[in-house]
Amino acid sequence: AQSVAQPEDQVNVAEGNPLTVKCTYSVSGNPYLFWYVQYPNRGLQFLLKYITGDNLVKGSYGFEAEFNKSQTSFHLKKPSALVSDSALYFCAVRDGYSSASKIIFGSGTRLSIRP
Amino acid sequence: ETGVTQTPRHLVMGMTNKKSLKCEQHLGHNAMYWYKQSAKKPLELMFVYSLEERVENNSVPSRFSPECPNSSHLFLHLHTLQPEDSALYLCASSQDPRDTTNEKLFFGSGTQLSVL
């Protein structure tokens, strides 16, 4: 069975500092990995995805994520945080072997950037 | 805007009421989804419709009844809900769920449901 874990409920970072939001996954086949962001009173918005190829994936708003197969991780990163990055971030995974598989989301990590 | 519109934004209902949530997408997508979002829990996939056919039903109680009259509209009919059903209900759409490499979900802003 596939699963995804976000070990931190909340991450606090000062503006201008680098940020990391952690995600680990478990699938039986090749992982398709995603990050979504949810701003207050809004639905989720797609940030980036990893299907195959380069382990470092670049996405919207200056975010990037690094796929690490040996550690089964897909951490979200940004070199310099902005106050406007404060939001709820969801990691998601899909088992790429099966077209019948579905996207499984984590429980979310609330990112808070202080000025 | 994401191109997925949900109404109403907020809904308060008693346990004996019947109400419906509506979702409309203007993106020409072939698949539509209902998710339930509760605080500090993973997003729960409830139903998936592909080309107006229900292809996923995640053991959701029968008090939730989906309807997809065409590829642009999705409803969630609610009947005799429980207080634990209070949550944010999100609708999403995607181009084609069979194309897993290009899959990208577009979400509406959700309906915040409170069951008293």
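So you know, we letter chains A, B, ... as the sequences are listed, proteins then strands, and number each from 1.
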Kindly compute the distance separating [atom1] ([X]) from [atom2] ([Y]), expressed to the nearest 0.5 Å.
X: F107(B); Y: R42(A); atom1: CZ; atom2: CZ; answer: 13.5 Å
X: S107(A); Y: K41(B); atom1: OG; atom2: NZ; answer: 11.5 Å
X: K40(B); Y: T109(A); atom1: NZ; atom2: OG1; answer: 11.5 Å
X: F105(A); Y: E44(B); atom1: CZ; atom2: CD; answer: 12.5 Å
X: S94(B); Y: I103(A); atom1: OG; atom2: CD1; answer: 7.5 Å

inquiry  = Determine whether the aromatic ring centres of residues F46(A) and F106(B) are separated by less than 6.0 angstrom.
reply    = no
task = Show the numbers, then the answer: is there a side-chain contact (heavy atoms from CB on, under 4.5 Å) between L105(B) and Q45(A)?
result = CA-CA 8 Å; L105(B) 294 171; Q45(A) 295 177 35; over 6 Å; no
Using non-hydrogen atoms only, which part of [X] is less than 4.5 Å away from chain B: side chain, backbone, both, or neither?
X: Y36(A); answer: side chain
X: Q6(A); answer: neither
X: I104(A); answer: neither

key: Part of L90(B) lying under 4.5 Å from any heavy atom of chain A   = side chain
request  = Please state whether the side chain, the backbone, both or neither of L43(B) comes within less than 4.5 Å of a heavy atom of chain A.
outcome  = both
Are [X] and [Y] linked, directly or through other ILVMFWY residues, by side chains that come within less than 4.5 angstrom of each other?
X: F75(B); Y: V4(B); value: no
X: M15(B); Y: L113(B); value: yes
X: V11(A); Y: Y39(A); value: yes
X: L33(A); Y: Y61(A); value: yes

request  = Examine distances only and state if a side-chain atom of R9(B) and a backbone atom of N41(A) form a donor-acceptor pair shorter than 3.5 Å.
outcome  = yes
